[in-house]
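No hydrogens, no waters, no symmetry mates; every other heavy atom, side chains included, goes into these values. Just so it is clear, the model here is predicted, and its values are computed rather than measured.
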Amino acid sequence: MPELHDNQEEKLKNIYKKTQRGWPRLCLAGKLQSPIELTNKFAYHVPFPAITLKNFHKIEKFQIFNPSDTIVIKLPNVCYCKRPKLSGACLNKEFTLENIHFHWPSEHVIDGIRYDFETHFVFFDGRFGSFQSALGRPNGITVMAILFMKTNFTRSNNFKTLANAAKLVSKAGRSSVCDKPIDLYQFLPYDHTTFYCYQGSLSTPGCFEHVNWIVFKNTSNISIWDFKNLTTIYSRIGQLIGSNNRQLQKLNDRIVSIRDVV
């Protein structure tokens with residue numbers, strides 16, 4: 001894999017930023033847009049209950065595809081009752097997993113630090129029947145985010161499995177099914193009792209608002225080589241996706257809460 005010079009890396013990072021100027025109007029004019037900067041100092045400490053996760057066991061088979069700007073994971077042929085679900089925290093209902101996808105570098109910034117990588121678990125309110133029906137509905141969507149640092153060691157093989165599968169879909173529009181297992185729990189940071197909650201939006205077009213965000217304060221790890229392999233993907237016009245994180249958005253009048261276990 002050829003190495004990029006600093007000026008080449010900066011050029012690639014600017015490509016995605018420039019495309020954001022042409023996003024739909026809500027992305028530019030909305031008042032509840034994501035991502036935002038999070039900080040313990042200015043967050044309200046709230047005694048939220050712990051996060052509850054169901055069916056976050058080992059996944060034996062998954063679909064992986066490249067829509068042109070990230071890698072997306074879905075669980076094909078899994079009945080609704082067995083799909084991973086999220087509740088507790090700042091939520092008052094149960095949400096069902098729609099997909100997992102990735103951003104690099106991280107979209108959220110915590111206490112002034114932007115991390116190398118961010119994983120989004122996207123859920124929808126099962127009462128609406130589908131992700132598409134829940135879009136734009138107040139509190140119809142929840143995104144759970146984990147931030148990662150590049151390191152030489154990780155305790156999980158998840159990213160190695162995904163990085164190998166991603167090689168098959170490096171070109172935009174490609175899709176594949178991987179029958180090697182991944183453990184969804186192992187995406188989570190070792191300590192996942194502390195997290196931020198706020199009202200935001202999807203961070204990709206069309207930036208639908210009134211999305212519940214849960215962002216873990218503690219980070220996890222991704223190996224340097226898994227990071228390089230997983231993020232070597234190309235757009236529909238053949239450009240390497242050097243970065244795919246959205247720019248930070250204004251907080252406006254929103255309140256950010258944190259569950260901080262002492």
Side-chain angles (χ1 to χ4, degrees), residues 1-4 6 9-10 12-13 16 34-35 37-38 51 53 56-59 62-75 84 86 97 99-122 143-170 176 178 180-196 203-204 213-234 240-246 248:
M1 184 182 301
E3 294 293 334
L4 296 173
D6 289 344
E9 288 185 343
E10 190 59 34
L12 288 169
K13 290 177 181 178
Y16 192 76
S34 296
E37 182 169 4
L38 301 165
I51 285 174
L53 298 168
F56 258 62
H57 46 65
K58 187 175 290 185
I59 302 300
F62 59 89
Q63 180 188 14
I64 183 169
F65 63 98
N66 169 12
S68 81
D69 56 6
T70 188
I71 291 293
V72 179
I73 306 299
K74 285 195 171 186
L75 308 181
L86 165 70
L97 183 68
N99 71 68
I100 307 167
H101 66 268
F102 311 99
H103 295 271
W104 54 90
S106 71
E107 297 206 298
H108 290 86
V109 170
I110 297 181
D111 291 328
I113 301 175
R114 186 184 295 280
Y115 290 88
D116 298 307
F117 194 77
E118 185 167 335
T119 297
H120 289 170
F121 284 75
V122 182
V143 183
M144 184 176 74
I146 306 104
L147 281 61
F148 291 80
M149 294 186 294
K150 289 187 289 186
T151 63
N152 291 322
F153 170 79
T154 62
R155 65 187 180 91
S156 168
N157 288 321
N158 279 352
F159 282 122
K160 184 176 182 179
T161 299
L162 295 180
N164 289 333
K167 295 176 183 178
L168 302 175
V169 297
S170 61
S176 181
C178 180
K180 293 186 177 180
I182 57 175
D183 187 337
L184 298 186
Y185 271 114
Q186 291 185 9
F187 282 108
L188 303 181
Y190 181 75
D191 179 359
H192 50 273
T193 60
T194 304
F195 47 82
Y196 294 95
S203 61
T204 54
W213 276 90
I214 298 174
V215 183
F216 290 107
K217 180 182 178 182
N218 295 304
T219 61
S220 194
N221 297 331
I222 180 172
S223 79
I224 294 171
W225 286 107
D226 289 344
F227 174 87
K228 293 189 73 171
N229 290 330
L230 186 58
T231 61
T232 302
I233 64 170
Y234 298 87
L240 179 67
I241 304 298
S243 70
N244 62 356
N245 64 318
R246 189 185 185 191
L248 288 173

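- When all heavy atoms of S176 and V169 are compared, the closest pair comes out as N-CG1, 3.8 Å.
- Using a 4.5 Å heavy-atom threshold, the side chains of H103 and S203 count as touching.
- Within a 6.0 Å radius of CG in N152, other residues, nucleotides and ligands contribute 12 heavy atoms or fewer.
- The closest side-chain heavy-atom distance from M144 to F216 is below 4.5 Å.
- Counting only distance, with no hydrogens or angles, the side chain of N66 and the backbone of Y234 share a donor-acceptor pair below 3.5 Å.
- None of Y115, F117, F148 except one satisfies the side chain to side chain contact (heavy atoms under 4.5 Å, CB included) rule with S106; the exception is Y115.
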List the steps and the verdict of side-chain contact (heavy atoms from CB on, under 4.5 Å) for Y190 and N218. CA-CA 8 Å; Y190 181 75; N218 295 304; over 6 Å; no

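- Looking only at distances, a side-chain donor or acceptor of D116 sits under 3.5 Å from a matching main-chain atom of K150.
- To the nearest 0.5 Å, atoms CG (L240) and OG1 (T231) are separated by 7.5 Å.
- Taking every heavy atom of both residues into account, P189 and T219 meet most closely at CB-O, 3.5 Å.
- Contact annotation: the side chain of T154 never approaches that of Q186 to less than 4.5 Å [non-hydrogen atoms, C-beta and beyond].
- Under the 4.5 Å side-chain criterion, counting only non-hydrogen atoms from C-beta, I73 is not in contact with I59.
- Separating the NE2 atom in H192 from the CZ atom in F187 is a distance of 14.5 Å, to the nearest 0.5 Å.
- Summarising the geometry of E107 relative to L248, their closest heavy-atom pair is O-CD2, 3.5 Å, with the distance given to 0.1 Å.
- The NZ atom of K217 lies 10.0 Å from the CG atom of D191; values are rounded to the nearest 0.5 Å.
- For W104 (side chain) and I241 (main-chain N/O), a donor-acceptor pair under 3.5 Å exists by modelled atom type.
- Between M149 and F227 the shortest side-chain heavy-atom distance does not fall below 4.5 Å.
- Under a 3.5 Å cut-off, the side chain of N99 and the backbone N or O of K74 do not form any donor-acceptor pair.
- When all heavy atoms are compared, the tightest approach of F56 to D183 is O-OD1, 3.7 Å.
- To the nearest 0.5 Å, the span separating CG on N158 from NZ on K58 amounts to 9.5 Å.
- At a threshold of 4.5 Å between non-hydrogen side-chain atoms, the residues Y196 and H108 do not count as touching.
- You'll find the side chain of F62 reaches within 4.5 Å of the side chain of I182, heavy atoms only.
- Taken to the nearest 0.5 Å, the CZ atom of F153 stands 10.5 Å off from the OG atom of S223.
- For the atom pair I64 CD1 and I71 CD1, the distance stands at 5.0 Å (nearest 0.5 Å).
- Closest approach of V72 to T70, counting heavy atoms only: CG2-CG2, 3.8 Å.
- At least one donor-acceptor pair under 3.5 Å links the side chain of N244 to the backbone N or O of D69.
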Kindly determine whether N157 and K180 satisfy side-chain contact (heavy atoms from CB on, under 4.5 Å), including the steps that lead there. CA-CA 11 Å; N157 288 321; K180 293 186 177 180; over 6 Å; no

Take I214 and L86 through the side-chain contact (heavy atoms from CB on, under 4.5 Å) test and state the conclusion after the steps. CA-CA 11 Å; I214 298 174; L86 165 70; 4.3 Å; yes

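- Between T204 and R246 the shortest side-chain heavy-atom distance does not fall below 4.5 Å.
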Test side-chain contact (heavy atoms from CB on, under 4.5 Å) applied to V215 and L147, step by step: CA-CA 8 Å; V215 183; L147 281 61; 3.9 Å; yes

